[in-house]
Amino acid sequence: MDGGRNLIEQLRRICGDEHVVTEHHALRTYESDGLLQYAAVPRVAVLPGTGDEVAAVVRACHDAGVPWVARGSGSGLSGGALPIEDGVLVVLSRLRRILEVDLANQRVVCEPGVTNVAISAAVGPSHFYPPDPSSQIVCSIGGNVAENSGGAHCFKYGFTTNYVCGLEVVLPDGSVMTLGGKELDLPGYDLCGVFVGSEGTLGVATKIIVRVVPTPESVRTLVAFFDSPGHAGHAVSAIVSAGMVPGAIEMMDNLSIGASEQMARAGWPLDAGAALLVELDGPESECVARFDEVRALCEGAGAHEVRVARDEAERQIFWKMRKAAFPAMGRVSPHYYVQDSVIPRTALADVLDRIADLSREYGLQVGNVFHAGDGNLHPLVCYDGNTEGEAERAEELAGQIVVACVEAGGSITGEHGVGVDKKRYMPKMFTEADLDAFQKLRCAFDPDGLANPGKVMPTPRLCGEVPGPYREHPLEKAGLAERF
Ligand SMILES: Cc1cc2nc3c(=O)[nH]c(=O)nc-3n(C[C@H](O)[C@H](O)[C@H](O)COP(=O)(O)OP(=O)(O)OC[C@H]3O[C@@H](n4cnc5c(N)ncnc54)[C@H](O)[C@@H]3O)c2cc1C
């Protein structure tokens with residue numbers, strides 16, 4: 001980092017000494033996000049306390065030509081918040097104020113470090129914020145915006161992008177811009193829509209306006225057990241084809257049930273091939289009427305047991321089983337690799353068979369826990385990193401799963417983003433022309449390539465992807481290419 005000492009002094013003046021971290025051992029706190037396979041220690045981490053301080057930090061990085069990465073809670077699963085070794089990490093966890101709750105207009109204005117669950121807590125019990133990642137007790141709303149995060153209830157309610165109405169954003173040159181607002185459908189380009197899902201490559205969100213919705217009158221939850229995920233998949237198709245839109249339809253396979261049972265102790269049968277968690281919500285009369293239909297459709301698809309949550313406490317245990325699935329996998333395997341891909345619902349059985357084949361071929365267990373309604377798979381590839389070559393085999397197997405999903409008409413990522421982990425697969429989904437269009441958009445926000453370089457796009461591009469101060473590309477020098 002050229003001129004690093006000056007920049008660090010400046011960051012100390014902006015945020016205070018105690019909010020600038022430079023010691024190597026302390027910086028290691030931030031070396032990875034939730035995807036531990038990637039690690040890098042930044043030169044400095046800075047924890048601004050206000051939006052103005054974020055703007056001043058980003059401006060200082062811009063003036064020094066130093067790349068930076070925004071970090072919320074660091075729970076991302078694609079290496080999006082992976083630091084740049086010679087760069088600055090802008091940690092947003094001190095910006096955790098809810099600034100306004102406007103229930104009459106169903107809006108909440110908050111800072112980016114507010115946790116997802118804190119928004120529902122602030123508007124409950126009359127209202128709630130629907131996109132609910134399983135990490136909701138720790139992940140920040142800023143991270144949710146950057147990843148366009150989803151969750152169990154997105155099948156019915158939609159993703160983060162459907163709930164973000166406005167943003168205050170610090171652009172990579174340190175200027176501050178407002179995108180969207182409290183009102184819907186503002187004139188002009190939908191730049192708020194562009195920013196959601198941009199993975200920290202277009203700027204830092206410092207204020208976020210979200211829409212909240214009334215809490216449904218009634219909720220009914222059941223879990224049905226099947227011999228195999230294929231049978232449970234038929235139940236999903238039957239429920240959706242019957243015109244029902246459950247609040248959530250989540251599936252867990254045998255390995256995931258066994259792992260979660262060790263944490264949540266719900267007493268689910270350990271020999272079940274698959275568990276399907278179905279939740280209906282809405283007016284009481286509708287929930288009651290349709291709940292029996294769901295039960296019958298599950299039984300028709302081969303469910304050998306159906307359990308209905310008798311009260312809120314039991315419903316919470318059902319959900320604990322589902323939400324514990326990722327961390328619980330640590331109880332059955334020393335290491336695991338989280339995949340995130342989407343397939344058309346109708347391809348569920350075929351793709352799950354293909355994953356089982358790959359698991360046998362590579363000799364590695366794969367747990368499956370997923371948002372079945374959205375066709376959003378989360379295969380958990382288990383391995384022992386202490387065994388020579390197993391980590392590499394796991395990564396290769398995970399890659400084969402991504403390819404199988406794309407070949408089935410799906411996508412390389414459902415909700416965890418591209419980050420550093422999936423960027424190599426971008427050409428499997430997009431043409432050169434598509435990628436160039438993405439890059440032009442990125443350059444319009446960040447011509448110097450300082451905001452989260454090295455993420456999302458598959459290869460370094462002339463306008464921005466080279467970390468550090470701008471250097472002339474050899475093709476430019478030869479007059480064969482130009483910056484745009
Ligand atoms: C156990 C577990 C379960 C999970 N379940 C789900 C799930 O069900 N659904 C789901 O979608 N995800 C899930 N995730 C993934 C993760 O929690 C989400 O991607 C979440 O949105 C990340 O938020 P964060 O605050 O931790 O962001 P970080 O990991 O800190 O950052 C993620 C990205 O956002 C950028 N960023 C962060 N803050 C800002 C900001 N203010 N402005 C601009 N860019 C910013 C970063 O640069 C990075 O690119 C899960 C993760 C774990 C560990």
Side-chain angles (χ1 to χ4, degrees), residues 30 32-36 38 45 48 51 54 58 67-84 87-96 110-117 131-154 159-161 164 167-172 179 195-208 248 250 260 263 319 322-330 336 338 340 342 369-371 374 376 378 380 413-421 423 445-446 451-456:
Y30 305 112
S32 295
D33 62 4
L35 191 65
L36 303 178
Y38 298 90
V54 175
V58 171
W68 51 269
V69 176
R71 178 179 169 110
S73 304
S75 72
L77 288 171
S78 56
L82 180 76
I84 294 158
V88 174
L89 190 71
V90 185
V91 184
L92 298 155
S93 50
R94 290 180 61 225
L95 277 83
R96 50 172 63 228
C110 63
E111 292 183 330
V114 169
T115 60
N116 173 292
V117 83
D132 57 342
S134 300
S135 52
Q136 66 187 144
I137 55 169
V138 293
C139 66
S140 72
I141 188 67
N144 291 178
V145 167
E147 299 289 2
N148 186 20
S149 293
H153 289 85
C154 293
F159 288 72
T160 303
T161 191
V164 177
L167 295 167
E168 177 189 272
V169 168
V170 174
L171 296 178
L179 312 177
F195 195 90
V196 176
S198 61
E199 304 193 28
T201 62
L202 304 184
V204 187
T206 44
K207 209 180 277 177
I208 299 165
E250 297 286 303
S260 283
M263 272 179 82
W319 276 111
R322 167 60 187 88
K323 298 207 171 185
F326 286 10
M329 201 49 75
Y336 64 91
V338 182
D340 161 54
V342 183
V369 47
F370 51 95
H371 308 308
D374 298 314
N376 184 187
H378 292 317
L380 306 172
T413 168
E415 52 185 20
H416 296 169
V418 177
V420 74
D421 190 44
K423 60 180 185 170
F445 280 79
D446 183 23
N452 215 0
K455 314 285 170 63
V456 185

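Ligands are counted one by one from 1 in listed order, and the atoms in each one are counted from 1 as well. Count residues from 1 along the sequence.
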Quiz item: Is the shortest heavy-atom distance from the side chain of W68 to the side chain of V204 under 4.5 Å?
Solution: yes
Exercise. Ignoring hydrogens and angles, tell me if any N or O in the side chain of S140 forms a donor-acceptor pair with the backbone of G143 under 3.5 Å.
Key: yes
Exercise. Anything under 30° is parallel, anything over 60° is perpendicular, the rest tilted; go ahead and classify H378 against F326.
Key: perpendicular
Quiz item: Any side-chain heavy-atom pair from N376 and D340 closer than 4.5 angstrom?
Solution: yes
Exercise. Would you check ligand 1 and list the protein residues that come within less than 4.0 Å of it by any heavy atom, ordered by chain and number?
Key: A70, R71, G72, S73, G74, S75, G76, L77, G80, A81, L92, P112, P133, S134, S135, C139, S140, G142, G143, N144, A146, E147, S149, G150, E199, G200, G203, V204, A205, F326, H371, E415, H416, N452
Quiz item: Does any N or O in the side chain of T160 come within less than 3.5 Å of the main-chain N or O of S149, such that one atom is a donor and the other an acceptor?
Solution: yes
Quiz prompt | G113 backbone acceptor or donor facing S93 side chain under 3.5 Å | solution = no
